[in-house]
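To start, the structure itself, in C-alpha cells.
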Number of protein chains: 2
Amino acid sequence: MSPKSSPHTPASLRRPSPKRRERGSDLRASGAPAPPTFRPIHTRRAFEEICERIREQLALGVLKPGDKLPAERDLAQQLGVSRNVLREALRSLEMAGVLRLQKGVKGGAFVQTGDTSRMNVVMQDMLSLGTISVRELSEARINVLDLVVRLACVNARQADFAALDANIERTDVATAEGRLLDRVECSREFYKILAAATGNKVIAMIVDSVTEIHMRFVYAKVASSGVAMPRLAERRRQFVATLRERNVASAIRLMRSHLEAVQRMLEQDPGAMSLQVALAEMQPGITRR
Amino acid sequence: MSPKSSPHTPASLRRPSPKRRERGSDLRASGAPAPPTFRPIHTRRAFEEICERIREQLALGVLKPGDKLPAERDLAQQLGVSRNVLREALRSLEMAGVLRLQKGVKGGAFVQTGDTSRMNVVMQDMLSLGTISVRELSEARINVLDLVVRLACVNARQADFAALDANIERTDVATAEGRLLDRVECSREFYKILAAATGNKVIAMIVDSVTEIHMRFVYAKVASSGVAMPRLAERRRQFVATLRERNVASAIRLMRSHLEAVQRMLEQDPGAMSLQVALAEMQPGITRR
DNA sequence: TCCATTGAATGGGTGATCCATTTAATAATT
DNA sequence: AATTATTAAATGGATCACCCATTCAATGGA
C-alpha cells in the first residue's frame with residue numbers, strides 16, 4: 001500500500017504478465033507432426049489463475065479451514081491484479097463453498113469447511129441443463145440406496161436408530177394431522193439420517209444430493225394430487241427394525257421395494273416428473289442452503 | 001443503451017433496492033416464542049441474487065443450453081447493478097460450469113451443457129478442506145463400483161466391450177514398454193469406460209469423480225516407489241470376459257478383490273496416502289479439466 | 001462499572017475508462 | 001470477379017478511484 005507504483009499497470013509484482021500467451025500456433029507455419037491437441041476454447045483469465053492458486057494452497061495444506069486470507073486490497077496488490085478481478089475469484093470460491101466472506105473490521109475471506117451441500121447444487125445444475133435426466137437420477141438413487149442400506153446396516157449406532165425412531169414419530173404425527181407436505185419433509189430427513197448412519201460422508205453427500213431433488217418431485221406430486229404413500233410410517237418402522245437386527249438382505253429388499261413403489265406412484269401421473277413443476281414448488285422449504 | 005438514465009444509481013429498474021434488509025430482529029424486543037431459526041450469517045448480496053435468478057431461469061426452462069445472455073453492459077442495466085457485480089455473478093456461474101463466456105463481437109455468455117467434471121472439483125475441494133477423508137473416498141469408491149459393475153454387466157453394449165478391450169491393449173503395451181505412469185492413465189480410462197457402460201450419467205459422474213482422485217494416489221505411489229500392480233492386464237481381461245458373460249456375481253467379486261488388493265498396496269506404504277504427495281504429482285497429466 | 005461515541009478496517013458496490021479479441025463490413029489489390 | 005487487407009464495432013477482460021454499510025475495538029463520559 002505504501003510502495004504504490006505508477007498509476008497504470010503495476011502488474012509486475014507476482015503475476016508474470018498474463019497477457020500475450022500461446023500465440024505462435026500459426027496454422028500454416030508448423031510443418032511439425034502437429035500434435036492432436038486443440039487449443040483451449042478461451043484464453044486463461046486472471047480470476048481463473050487466482051482461483052487455481054488459492055485451491056493449490058488449500059491442496060498443499062498451506063491454507064487450512066479457519067485461515068483468513070489477506071484483505072482484498074492487500075491481496076489484490078500482492079497478486080498484481082485489480083481488486084475487482086480478485087473479487088471475481090473470491091466470489092467464485094465462495095459459491096464453491098471454499099471461502100466465506102465476512103464484512104467489517106476483523107472480517108475477511110475465511111477458509112470454510114464442512115459444507116456438504118455443494119454437490120446438491122452441481123446435481124441441480126446438471127438437471128437444469130439437461131446434462132442428466134430425471135430417469136438417471138431416479139435410477140441412481142434407487143441403486144445407491146442399496147449401498148446405503150448395506151453400509152448403514154453394518155455401521156448404524158444407537159444414536160442413529162434413535163434419530164430414525166424420532167423421525168418416524170414425526171411422520172406419524174404429520175400423517176395424523178394431515179400435514180402431507182411436512183410428511184415429505186420427514187422423508188427427506190429420514191434419508192438424510194440413514195445416509196449419515198453409513199458413517200461415510202462421501203456416500204452421504206451423494207445420496208443427499210440425489211434425494212434432495214427426488215423429494216421435490218414427491219413434494220410436487222403430493223401438493224398437486226393430494227395423494228401420499230399409504231402406510232409410510234409402518235413401512236419405515238419395519239425397515240428400521242430390520243436394520244436394528246442388522247439383517248442386510250431384508251433391509252435392502254424392503255427399501256428397494258418401497259422405492260420402486262414410490263417410483264411407480266410418481267410415474268403413474270405423466271407430467272408429475274416434469275422439471276418445471278417440481279422446481280416451481282418447494283421454494284419456501286428448507287431447500288435454501 | 002439509448003434511454004441512459006441519470007449518471008448515479010439508476011437502480012430502480014428491476015431490483016427492488018437490495019440494501020436495508022431484515023433488520024428489526026432486535027434480540028431484546030422480541031417477547032414472542034422466538035423461533036429456533038438463526039438468521040443467515042451474512043446478508044444477501046447482489047451477485048448471489050443474480051446467480052439465483054439465472055439459475056431460476058434455467059430450472060424453469062426459460063434459458064436453455066446454447067442460449068446467449070444479453071451483453072454484460074445491457075444485462076447489468078436491466079438488473080440495475082453495476083457491470084462489476086454482474087461479472088462476479090457470471091464468473092461464478094462459469095466456474096460452476098453453467099455458462100461459458102466468449103469474447104469478441106458475437107461473443108457473450110452462453111448457457112453450457114454436458115460438463116460432467118464439476119463434481120470432480122467439488123470432491124477435490126472437500127478433500128482439500130478436510131470435509132471428507134481419503135478413507136471415506138476409498139470406501140465409497142469400492143462400494144460404488146459394486147453398483148457400477150452390476151449395472152454395466154446388465155447394460156454394457158458391444159461398443160463398450162470394444163472400448164474396454166482396446167484399453168486393455170494399451171495397458172499391455174504400456175506395461176511392456178515400462179511406461180508405468182501411462183498404465184495408471186489407462187486405469188483411469190478403464191474405469192471411465194466402465195462407468196459410461198452403466199448407461200447412467202449420474203452414476204458415471206460419481207464414479208469418475210471418485211476415481212479421478214484415487215488415481216492421483218496411485219500415480220503418486222507408482223511414481224515414487226516404481227512398483228505397480230502385477231498382472232493388471234490379465235486381471236482386466238478376465239474381468240471383461242466375465243462382464244461379457246453378464247455374470248454379475250463373478251464380475252463384482254473380481255472387481256472387489258482387485259480394488260481391495262490395490263487398496264492394500266497403497267496402504268502398505270504409510271504416507272503414500274498423504275494428500276500433499278498425491279496432489280503435487282500428476283499435474284502435467286490430463287488432470288486439467 | 002456500564003454504556004454511548006467514534007473511527008478505522010473491511011467487504012459491498014458503482015461508474016468511467018481503457019485494452020484485447022473477434023467478426024462482419026468495406027476497401028484495396030490482383 | 002475473386003481474393004486479400006483494412007477498418008470499425010461489439011464484446012468480454014481489466015483497472016482505477018471512489019463511496020457506502022457493517023463491524024468491532026478503543027475511547028470517553030455518566
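Computation of the quantities below employed the complete heavy-atom set of this structure, encompassing side-chain atoms and omitting hydrogens, waters and symmetry-equivalent molecules. Note on naming: letters A, B, ... go to the chains in the order of the sequence lines (proteins, then strands), and numbering restarts at 1 for each one.
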Measure CZ/A/Phe47 against C1'/D/dG12 and give the value in whole Å, please. 11 Å
Taking the side chain as C-beta and beyond, is there a heavy-atom pair between A/Lys64 and A/Gln57 under 4.5 Å? no
Nearest whole Å is fine: how far is D/dA21 C1' from B/Arg44 CZ? 18 Å
Give the nucleotide from the list D/dC16, C/dT10, C/dT23 with an atom nearest to the side chain of B/Lys106. C/dT23
With the side chain defined as heavy atoms from C-beta on, A/Arg73 is closest, among C/dT10, D/dG12, C/dT22, to C/dT10
Given D/dG13, is OP1 or OP2 found less than 4.0 Å from the side-chain N or O atoms of B/Arg91? yes
Below 4.0 angstrom, N of the basic side chain to O of the carboxylate: do B/Glu94 and A/Arg45 qualify? yes
Give me the atom names and distance for the closest heavy-atom approach of B/Gly97 to A/Leu129. O-CD1, 4.0 Å
Salt bridge present between B/Arg170 and B/Glu189 (N-O < 4.0 angstrom): yes
Could you tell me how far apart A/Glu72 (CD) and D/dT15 (P) are, to the nearest whole angstrom? 14 Å
Separation of A/Arg45 atom CZ from C/dA20 atom P, in whole Å? 17 Å
Closest to the B/Ser82 side chain, choosing from D/dA14, C/dT14, D/dG13: C/dT14
What is the distance, rounded to the nearest whole Å, between atom CG of A/Leu69 and atom C1' of C/dG11? 13 Å
Measure distances between side-chain N and O atoms of B/Arg83 and base N and O atoms of C/dG13, and say whether any donor-acceptor pair falls under 3.5 Å. no
Note on DNA chain C: ranges paired as stems (three or more Watson-Crick/G-U pairs in a row, both atom distances under 3.5 Å) are C:1-30 with D:1-30
Between A/Val105 and B/Lys103, which residue's closest nucleotide on DNA chain D lies nearer the 5′ terminus? B/Lys103
Candidates C/dT10, D/dC19, C/dA20 - which lies nearest the side chain of A/Ala71: C/dT10
Taking CG from B/Leu93 and P from D/dG12, how many angstroms apart are they, rounded to a whole number? 14 Å
Among C/dT23, C/dA16, D/dC19, the one nearest B/Asn84 by side-chain distance: C/dA16
For the residue pair B/Ser92 and B/Glu88, confirm or rule out a side-chain donor-acceptor distance under 3.5 Å. no
With a 4.0 Å cutoff (strictly under), does any side-chain N or O of A/Arg87 reach OP1 or OP2 of C/dG12? yes
Less than 6.0 angstrom from the centroid, inside 45 degrees of the normal: does A/Arg91 satisfy that with respect to the ring of A/Phe47? no
Ionic contact status for A/Glu52 with A/Arg55, cut-off 4.0 Å: no
Within this structure, what is the CG-to-C1' distance between B/Leu101 and C/dT22, rounded to whole angstrom? 15 Å
Thinking salt bridges, do B/Arg87 and B/Glu72 make one under a 4.0 Å N-O criterion? yes
Starting from C1' on C/dG13, measure out to CD on B/Gln77 and report it in whole angstrom. 17 Å
Heavy atoms from C-beta onward define the side chain here; which of D/dC24, C/dT22, C/dT14 lies closest to that of B/Val85? C/dT14
